[in-house]
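Values in this document were obtained by computation on a predicted structure and should not be read as measured data. In the text below, chain A, chain B and the rest are named by the order of the sequence lines, each starting its count at 1.
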Number of protein chains: 2
Amino acid sequence: MSNSLATSHCLSPPLAKLERRGRFSSEARKAFLAMPYQRQAIETRTDIVREGERTRGCSFIESGTVSRSKLLPSGGRQIVSFHIAGDLVDLQSALLIVADHTLRTHEPSFVVKVSERAILKVAEDFPEIGRSFWFDTMVDASIFREWSLNLGRRSARERTGHLLLELGYKSEAAGLSPRSEYRLPMTQLDLADALGLTVVHVCRSLKWLREMGLLHLDRTRVVIPDWDALAHFAQFQPLYLHPEGPRALAS
Amino acid sequence: MSNSLATSHCLSPPLAKLERRGRFSSEARKAFLAMPYQRQAIETRTDIVREGERTRGCSFIESGTVSRSKLLPSGGRQIVSFHIAGDLVDLQSALLIVADHTLRTHEPSFVVKVSERAILKVAEDFPEIGRSFWFDTMVDASIFREWSLNLGRRSARERTGHLLLELGYKSEAAGLSPRSEYRLPMTQLDLADALGLTVVHVCRSLKWLREMGLLHLDRTRVVIPDWDALAHFAQFQPLYLHPEGPRALAS
DNA sequence: CGAAGTTTTGAGGACCTTCAAAAGTTGTGG
DNA sequence: CCACAACTTTTGAAGGTCCTCAAAACTTCG
């Protein structure tokens with residue numbers, strides 16, 4: 001748990017993500033990077049934020065993989081999203097007082113924590129940053145809507161394919177890998193919890209996708225040999241990720 | 001389609017919703033109500049915004065009921081949320097350039113449309129309003145997460161009960177009715193599209209809930225005779241609606 | 001009053017789950 | 001570096017939830 005100070009390149013991944021959608025002024029950039037933070041190395045399968053607890057600061061992912069999940073009293077778990085390097089995975093803690101879901105790592109990760117106050121201040125002082133945060137929350141919401149569609153209206157095989165396409169797409173957008181070949185640190189049980197299925201059926205769905213030539217799996221490596229074929233099968237259209245970025249401001 | 005001008009009480013329902021979570025300064029309130037708008041009467045089952053189209057202005061609900069839904073190329077439809085009087089149902093159009101879902105009325109409704117520019121300006125000029133918008137988007141996102149849990153991990157009966165509890169809760173919070181007795185303008189087909197089920201199975205689920213004494217249905221009227229019993233059965237906990245409101249600003 | 005839409009019921013079938021166990025992989029300590 | 005334990009993936013068999021197809025009863029609206 002090292003402390004702030006000095007050249008804060010730990011905040012670069014989230015800044016880069018925000019700036020993919022539109023450049024900031026250099027003052028805004030400077031103010032963003034000047035936020036005090038704490039950097040933490042988190043090991044695999046460790047909770048960063050727990051459902052029901054009061055929020056304390058906003059966590060960004062510098063590197064690694066994190067999921068958001070919700071628990072049912074009866075024991076069921078639903079993963080509602082996966083996040084990778086650069087994701088502002090915990091922006092909601094800036095305004096929401098109590099966490100409605102759990103954040104947990106799926107591989108050794110580095111997490112950068114900034115106080116809510118600093119987030120809210122930089123959002124207020126630099127409206128371009130405030131809008132960028134708001135836009136990020138909107139895209140998040142859009143992704144949740146797509147997951148509802150996935151869970152409610154797609155078959156297990158389509159659902160599985162769709163998730164793997166989304167992960168590839170986001171990985172490429174974050175500059176981590178080509179979209180059709182990436183590392184997948186999640187177990188099939190994790191995938192099952194994200195897909196609203198059982199491990200057994202995820203395994204069978206993956207097997208079917210492999211047999212159809214739509215997918216190659218090698219340990220933790222996903223290869224999508226024909227992106228368009230799988231995208232067609234799973235009805236994947238990246239519109240919901242809003243790659244077009246936010247509305248440009250007219251004068 | 002009457003025009004702006006004069007005392008704008010059409011914007012009162014959305015303003016009231018925002019102020020439930022924390023009062024605005026009188027200048028902020030005045031600026032909010034001073035936004036130019038268009039008021040439209042929309043008949044039942046009419047699209048306000050269509051998936052894939054460019055966004056043009058933000059719609060608020062003055063009165064009525066509206067759903068958000070996404071379509072599958074294969075014809076499936078998934079409703080991802082329902083909205084009632086006061087809901088800022090279309091805030092995302094302020095920043096998202098192309099709509100990722102459709103907004104449609106479920107009863108005759110009055111909708112108030114404000115330009116994105118006016119929204120962004122009032123959010124910038126009054127940070128308290130900007131934060132309030134952002135908070136609203138966050139709560140929206142939280143509700144989508146809960147729907148993912150609902151679709152992925154609850155049985156048809158639990159799912160159905162959970163939705164009816166959410167609608168009652170929101171209806172009471174909006175000051176429209178007691179939570180355990182409200183009007184439901186949606187058909188069972190609509191509920192099916194929201195629950196990821198078929199009409200047939202929604203009908204059977206409702207029948208079962210009725211037989212268990214957890215629910216009374218009288219035409220368009222829902223009565224929940226024992227709120228706690230149904231809430232226990234459906235594992236409904238309103239935490240995800242964040243009734244506690246946004247973080248109060250220190251200093 | 002007739003037409004269109006909505007709700008309800010029945011019967012059969014499909015998709016996904018549950019339970020169980022084997023095979024394969026990863027991590028740890030001796 | 002091997003041995004062993006814990007975990008993960010895979011396969012099989014049986015069963016249940018939810019779907020499909022079909023049609024009747026009921027409601028709404030012009």
Side-chain angles (χ1 to χ4, degrees), chain A residues 43-46 72 74-79 104 106-108 150-164 183-211 215-222 233-234, chain B residues 43-46 72 74-79 104-108 150-164 183-212 215-222 233-234:
Chain A
E43 56 188 13
T44 304
R45 294 179 213 211
T46 307
L72 237 35
S74 52
R77 183 173 72 133
Q78 178 67 43
I79 291 180
R104 152 173 275 211
H106 287 259
E107 62 180 334
N150 215 23
L151 290 164
R153 287 294 181 226
R154 278 193 261 253
S155 72
R157 290 161 181 176
E158 293 168 337
R159 227 182 285 180
T160 307
H162 195 279
L163 174 59
L164 294 177
R183 213 170 43 76
L184 186 79
M186 291 75 101
T187 67
Q188 290 185 12
L189 180 57
D190 295 325
L191 296 180
D193 283 339
L195 294 167
L197 299 168
T198 57
V199 209
V200 174
H201 206 63
V202 166
C203 182
R204 289 196 230 270
S205 298
L206 289 171
K207 183 185 177 189
W208 187 88
L209 290 170
R210 263 185 275 124
E211 286 172 353
L215 195 65
H216 293 229
L217 283 175
D218 166 32
R219 317 258 165 166
T220 74
R221 191 138 210 89
V222 173
F233 169 73
Chain B
E43 55 188 13
T44 304
R45 293 178 214 215
T46 307
L72 237 37
S74 53
R77 184 173 70 133
Q78 178 66 44
I79 291 179
R104 153 172 274 212
T105 53
H106 287 259
E107 62 179 334
N150 216 22
L151 291 164
R153 287 294 180 223
R154 277 193 261 253
S155 72
R157 291 162 180 175
E158 292 168 337
R159 227 182 285 181
T160 307
H162 195 278
L163 174 58
L164 294 176
R183 214 168 43 76
L184 185 79
M186 291 74 100
T187 67
Q188 290 186 11
L189 181 56
D190 295 324
L191 296 180
D193 283 340
L195 295 167
L197 300 169
T198 58
V199 209
V200 173
H201 206 64
V202 167
C203 183
R204 289 195 231 269
S205 298
L206 289 171
K207 184 186 178 189
W208 186 88
L209 289 171
R210 262 186 275 123
E211 286 172 353
M212 294 300 286
L215 194 66
H216 293 229
L217 283 175
D218 167 33
R219 319 260 162 159
T220 73
R221 192 137 209 91
V222 173
F233 169 72

Checklist entry - What residues, two or more places apart in sequence or in another chain, satisfy ring pair (Phe, Tyr, Trp, His ring centres under 6.0 Å) together with A/His201? => result none

Checklist outcome for this item: the helix from C/dC1-D/dG30 to C/dG30-D/dC1: angle between terminal helix axes, five bp per end, to the nearest 10 degrees, reads 50°

Checklist entry - Nearest-Å distance, CH2 (B/Trp208) to C1' (C/dT8)? => result 19 Å

Item to check | Distance in angstrom units between A/Arg221 CZ and C/dT25 P, rounded | outcome: 18 Å

Item to check | Integer-rounded Å distance: C/dT8 C1' and B/Leu189 CG | outcome: 15 Å

Item to check | Enclosure of B/Glu43 CD (heavy-atom neighbours >12, cutoff 6.0 Å) | outcome: no

Checklist entry - Is there side-chain contact between B/Asp193 and A/Arg153, with heavy atoms separated by less than 4.5 Å? => result yes

Checklist entry - Taking only N and O in the side chain of A/Lys207, is any of them less than 4.0 Å away from OP1 or OP2 of D/dT11? => result yes

Item to check | Any side-chain heavy-atom pair of B/His106 and B/Leu184 under 4.5 Å | outcome: no

Next on the checklist: Using every non-hydrogen atom in the two residues, find where A/Arg159 and A/Leu197 come nearest and quote the distance to one decimal.
Outcome noted: NH1-CD2, 3.6 Å

Item to check | Distance, rounded to the nearest Å, where B/Gln188 contributes CD and C/dT9 contributes P | outcome: 10 Å

Checklist entry - Whole-Å distance between C/dT7 P and B/Met186 CE? => result 12 Å

Next on the checklist: Can a donor-acceptor pair be found, under 3.5 Å and without considering hydrogens, that links the side chain of B/Ser205 to the backbone of B/Cys203?
Outcome noted: no

Checklist entry - Reckon B/Arg45 has a side-chain N or O less than 4.0 Å from the OP1 or OP2 of C/dG5? => result no

Checklist outcome for this item: 5' to 3', nucleotides 16-30 of chain D under a 4.0 Å protein heavy-atom cut-off (B base, S sugar-phosphate only, - none) gives --BSBB-----SS--

